[in-house]
Amino acid sequence: MPAHQTLQTKASVCPLDCPDTCSLSVLTDGLEIKEVRGSHANPYTAGAICKKVSSYYPDFIHGSRRLRTPLLRTGPRGSFQYQQISWAEALDRVHTGLKQAIEKHGPESVLPFNYAGPHGQLAGGSMDFRFFHKLGATQLDRGPLCGAVRGMAYTSLFGNAPGMEPEQATKSDLVIVASNNVTVSNLHLARVIKSARRNGAKLIVIDPKKVKIAEQADLYIQIKPGTDVVLFLALAAELERRNALALDFLQQWTTGAEQYLKSARQYSLADAARICAIPLEEIELFLGYYAKAKNVALSFGNGAERGHSGGSSIRAAMALQVLSGNIGRPGAGVIAKQGLSFPGTGNKLRRPDLAPEGTRMLNIVDVAKHILDDSLSPPIKALFIYNHNPLCTHPDQNRMRRALEREDLFIVGCDLEMNDSMAYADVILPAASHFECPDIYAAYGQTHLQRAEAVIPPVGEALPNTEIFRRLAAKFGFDDPLFKTDDLGLMDDAYDPEDPRMQGIRPSQIPLERSLAMTSANDRELVMCKNVFPATTSGKIEFFSEELECKFGYGLPRYEAVPSRYPYNLITPSSNKRTNSTFGGHSESSGPEELEIHPDDAIKYQINSGDTVRISNELGKVTLVASVSDKVKPGVFYSPKGTWLATSSTGQTVNALITSELKADIMEGACYNDTFVDITRL
């Protein structure tokens with residue numbers, strides 16, 4: 001390093017799709033990221049960060065896959081054949097491609113195809129939404145891909161009121177973790193649990209896979225995938241039989257309890273043991289811990305929502321907390337929906353009022369189907385992929401590939417690095433990373449608002465998402481001042497500066513060296529039914545949801561088994577090497593991914609650890625490396641999600657095996673874990 005380059009440490013924030021939203025400390029020479037560490041600006045994340053962020057970011061920002069200039073496709077889709085072009089030519093081509101689709105088929109023939117690559121409010125959805133709303137493009141319901149099922153399960157009970165802060169679990173004497181791979185997807189909750197256990201708390205983990213946090217549990221229940229709702233309904237009925245319901249609390253704070261319990265009574269504990277494939281003794285032990293505890297904290301992650309009965313499972317688990325009166329005290333509650341604690345003003349930031357009345361909205365899970373549907377009116381003829389790698393994250397990967405291969409579809413790609421989805425774009429726009437532009441960050445798993453500024457200049461010719469869409473707005477003649485708002489102005493549009501939780505600080509002026517904690521009046525921690533109240537129509541916690549009954553026919557939780565003609569259930573949770581598909585191009589993720597298989601199943605096929613296997617169904621086939629382990633149940637396979645196409649000799653990943661036709665019981669969510677396959681030893 002030249003002598004004149006002085007290393008500096010600068011504050012930043014992690015933007016990845018993770019509930020924790022860590023504060024970062026970045027070592028830089030002014031041009032490149034040299035090291036990424038955790039900082040204490042956010043007291044919840046408190047200096048600890050995952051290996052992915054600390055180890056992979058320098059390569060992600062400066063490595064060979066980084067997009068540094070606009071590109072024009074010169075070969076077949078998916079061939080990775082491109083040539084460099086100028087920004088002027090790139091914007092001209094984007095303008096021409098979108099305009100041609102609009103002139104021939106109307107503005108709804110354009111579809112913005114984005115999800116949650118960065119979680120900053122600016123990069124994740126600000127000027128881009130303004131642009132597409134004004135354009136009149138088809139709107140996208142993004143939640144069904146992930147999050148909407150769990151979110152609606154929570155709000156059906158409590159409304160748009162934030163749940164228990166994770167830090168409060170230190171005051172619990174029992175912590176229940178279900179469908180949440182804490183050390184991979186919710187890292188700092190592990191520290192909270194450790195603190196609670198030092199104070200004498202018990203830990204129960206419920207998960208089809210024996211995740212790392214289960215190794216610390218006083219009770220680990222290895223449940224059959226998709227059956228959680230049966231367990232929690234049976235537990236509710238058993239609490240009633242034992243006269244263990246919190247009747248005074250139910251009378252004061254809830255509606256629909258009798259309807260709910262009538263439904264729950266159909267399941268005995270023996271039924272739950274049989275359907276969930278767990279020993280009856282473990283259910284009895286659960287009840288013993290639960291009955292003795294005075295303050296129970298429940299953390300129910302996103303895992304269960306990835307199945308057909310997912311919404312019902314999450315609602316039933318949360319309902320058990322209400323029935324037992326584990327609400328209304330610090331340390332007793334449901335750890336969920338911390339994002340509702342922030343004074344967000346999303347409509348002011350995104351301006352949905354700009355969209356023409358009646359603009360259609362499509363489910364993100366069904367995008368490939370709609371692209372291939374020639375009868376769709378108007379058809380989708382222009383696709384703008386950004387903040388997303390759909391080929392590696394969506395169900396039915398091969399259908400997505402067929403959709404992106406259409407030559408009559410104009411595709412714009414915008415990303416930080418060349419990935420499998422970008423290889424199908426006609427024009428690629430290089431986006432700046434969060435290290436190269438300012439942004440503001442809430443969280444969906446904790447209650448601290450943070451701001452960050454650029455710590456290095458843009459790499460190559462990369463531009464922030466906000467600037468890319470400002471330039472596109474100008475190209476289309478959108479001259480309203482709202483399309484010229486700078487990034488500081490967008491921050492101020494994102495949150496209400498007059499809200500007491502902002503402590504008199506404008507969003508764009510939040511100090512970089514600390515975060516703002518979202519608390520109630522007098523800086524008190526948030527507690528449901530004490531200083532945070534159910535935001536439902538009735539003003540009470542609702543066991544029966546009129547909205548879910550009208551929309552989906554699930555006013556009450558209900559179990560529905562998913563039949564299959566294949567013998568093995570494949571589940572695909574998070575990886576400790578990737579956040580969804582982010583970092584999937586790093587060397588740590590190269591080569592075939594593992595497939596965990598129970599010893600009983602391995603014996604049938606003479607499979608040993610290290611053997612190459614192929615799993616398949618009518619949708620596709622994938623090669624993986626076997627890992628024989630009792631961390632999965634017999635009949636259940638595990639392989640982590642987010643791999644890129646090159647990891648399998650078939651050019652397909654586990655997403656090729658996942659149907660997009662089956663939907664969750666509520667919110668039409670994707671059913672990743674209701675995937676059934678056969679196996680062959682190669």
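The model shown is predicted, which means the values in this text are computed figures rather than measured ones.
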Undergrad: Taking the side chain as every heavy atom from C-beta outward, state whether Val367 and Leu140 have any pair of such atoms under 4.5 Å apart.
TA: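 In contact.
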Undergrad: Give the intermediate values and the outcome of side chain to side chain donor-acceptor pair (under 3.5 Å) for residues Ser25 and Arg37.
TA: CA-CA 5 Å; Ser25 178; Arg37 294 171 291 197; 4.6 Å; no
Undergrad: If you take the centroid of each ring, where Trp contributes its six-membered ring, are Phe113 and His388 closer together than 6.0 Å?
TA: yes
Undergrad: Would you name the heavy atoms of Asp17 and Tyr444 that are closest together and state the gap between them?
TA: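 For Asp17 and Tyr444, the tightest heavy-atom pair comes out as OD1-OH, 3.0 Å.
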Undergrad: Going by atom types alone, do Arg399 and Ser660 pair a side-chain donor with an acceptor below 3.5 Å?
TA: yes
Undergrad: Within the supplied structure, the quantity of interest is the number of heavy atoms (other residues, nucleotides, ligands) at a distance under 6.0 Å from Lys621 NZ; does it exceed 12?
TA: no
Undergrad: Between the side chain of Gln446 and the main-chain N/O of Asp20, is any donor-acceptor distance below 3.5 Å?
TA: yes
Undergrad: Could you tell me whether a side-chain N or O of Ser109 sits under 3.5 Å from a main-chain N or O of Pro379, the two making a donor and an acceptor?
TA: no
Undergrad: Under 3.5 Å, is there a donor-acceptor pair between the Arg470 and Thr485 side chains?
TA: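 Looking only at side-chain atoms, Thr485 and Arg470 do not form any donor-acceptor pair under 3.5 Å.
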Undergrad: For the backbone of Pro76 and the side chain of Gln81, can you confirm whether one donor and one acceptor N or O come within less than 3.5 Å of each other?
TA: no
Undergrad: In terms of relative ring orientation, are Phe132 and Tyr386 parallel, tilted or perpendicular, with 30° and 60° separating the classes?
TA: parallel
Undergrad: So do the side chains of Lys381 and Lys104 get within less than 4.5 Å of each other, counting heavy atoms only?
TA: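 No, their side chains stay 4.5 Å or more apart.
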Undergrad: Backbone N or O of Gly669 within a donor-acceptor pair of the Lys663 side chain at under 3.5 Å?
TA: no
Undergrad: Are His434 and Tyr57 near enough that their ring centres are under 6.0 Å apart?
TA: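 They qualify: ring centres under 6.0 Å apart.
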Undergrad: Crowded around Lys577 NZ? As in, over 12 foreign heavy atoms under 6.0 Å?
TA: yes
Undergrad: Test Lys641 against every option in Thr572, Thr393, Asn580 by the side chain to side chain donor-acceptor pair (under 3.5 Å) rule and name the one that passes.
TA: Asn580
Undergrad: Taking all non-hydrogen atoms of both residues, which atom of Ala41 and which atom of Glu513 are closest, and how far apart?
TA: CB-O, 3.4 Å
Undergrad: Quick check: Phe469 with Phe129 (ring centres under 6.0 Å apart)?
TA: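 No, ring centres 6.0 Å or more apart.
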Undergrad: Evaluate side chain to side chain donor-acceptor pair (under 3.5 Å) for Ser574 paired with Ser185, printing each intermediate quantity in order.
TA: CA-CA 7 Å; Ser574 299; Ser185 303; 3.1 Å; yes
Undergrad: Applying side chain to side chain contact (heavy atoms under 4.5 Å, CB included), run through Gln8 and Val26 and close with a yes or a no.
TA: CA-CA 8 Å; Gln8 295 180 296; Val26 180; over 6 Å; no
Undergrad: Could you walk me through whether Ile371 and Met400 pass the side chain to side chain contact (heavy atoms under 4.5 Å, CB included) test, one step at a time?
TA: CA-CA 9 Å; Ile371 292 173; Met400 179 63 71; 5.6 Å; no
Undergrad: Is Thr96 reaching over with its side chain to a backbone N or O of Arg93, donor-acceptor style, under 3.5 angstrom?
TA: no
Undergrad: Tell me if the NZ atom of Lys484 is crowded by more than 12 foreign heavy atoms within 6.0 Å.
TA: yes
Undergrad: Counting distance only, does the side-chain N/O of Asp439 pair as donor-acceptor with the main-chain N or O of Ala123 below 3.5 Å?
TA: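 Looks like yes, one N/O pair under 3.5 Å.
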Undergrad: Answer with yes or no after comparing the ring centroid distance for Phe60 and Phe583 against a 6.0 Å cut-off, counting only values under it.
TA: yes
Undergrad: Quick one: pull up OG in Ser12 and CD in Gln450 and give me the separation to the nearest 0.5 Å.
TA: 9.5 Å
Undergrad: Compare every heavy atom of Leu122 with every heavy atom of Ile440, then report the nearest pair and how far apart it is.
TA: CG2-CD1, 4.0 Å
Undergrad: Would Ser433 and Glu436 count as having a side-chain donor-acceptor pair, cut-off 3.5 Å?
TA: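 Yes - a donor-acceptor pair under 3.5 Å links their side chains.
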Undergrad: Would a distance-only check, ignoring hydrogens and angles, find a side-chain to backbone donor-acceptor pair under 3.5 Å from Arg351 to His133?
TA: no
Undergrad: When you measure from the centre of the six-membered ring of Tyr115, is the NZ or CZ of Arg142 under 6.0 Å away and within 45° of the axis?
TA: no
Undergrad: Given 3.5 Å as the limit, does a donor-acceptor pair link the side chain of Thr647 with the main chain of Thr643, or not?
TA: no
Undergrad: Here's a test for you: under side chain to side chain contact (heavy atoms under 4.5 Å, CB included), which of Ile428, Leu416, Leu429, Ile411 qualifies with Met422?
TA: Ile428
Undergrad: Please check if the side chain of Arg66 supplies one atom and the backbone of Ile61 the other of a donor-acceptor pair under 3.5 Å.
TA: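 Looks like yes, one N/O pair under 3.5 Å.
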Undergrad: What are the two closest non-hydrogen atoms of Thr69 and Glu461, and how far apart are they?
TA: CG2-OE2, 3.7 Å
Undergrad: Hey, does Thr28 have a side-chain heavy atom less than 4.5 Å from the side chain of Lys10?
TA: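 Yes, their side chains come closer than 4.5 Å.
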Undergrad: Taking all heavy atoms of Pro112 and all of Thr138, pick out the closest pair and write down the distance.
TA: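 That closest heavy-atom pairing would be CD-O, 3.2 Å.
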Undergrad: Return yes if some donor-acceptor pair links the side-chain N/O of Ser421 with the main-chain N/O of Leu391 below 3.5 Å, else return no.
TA: yes
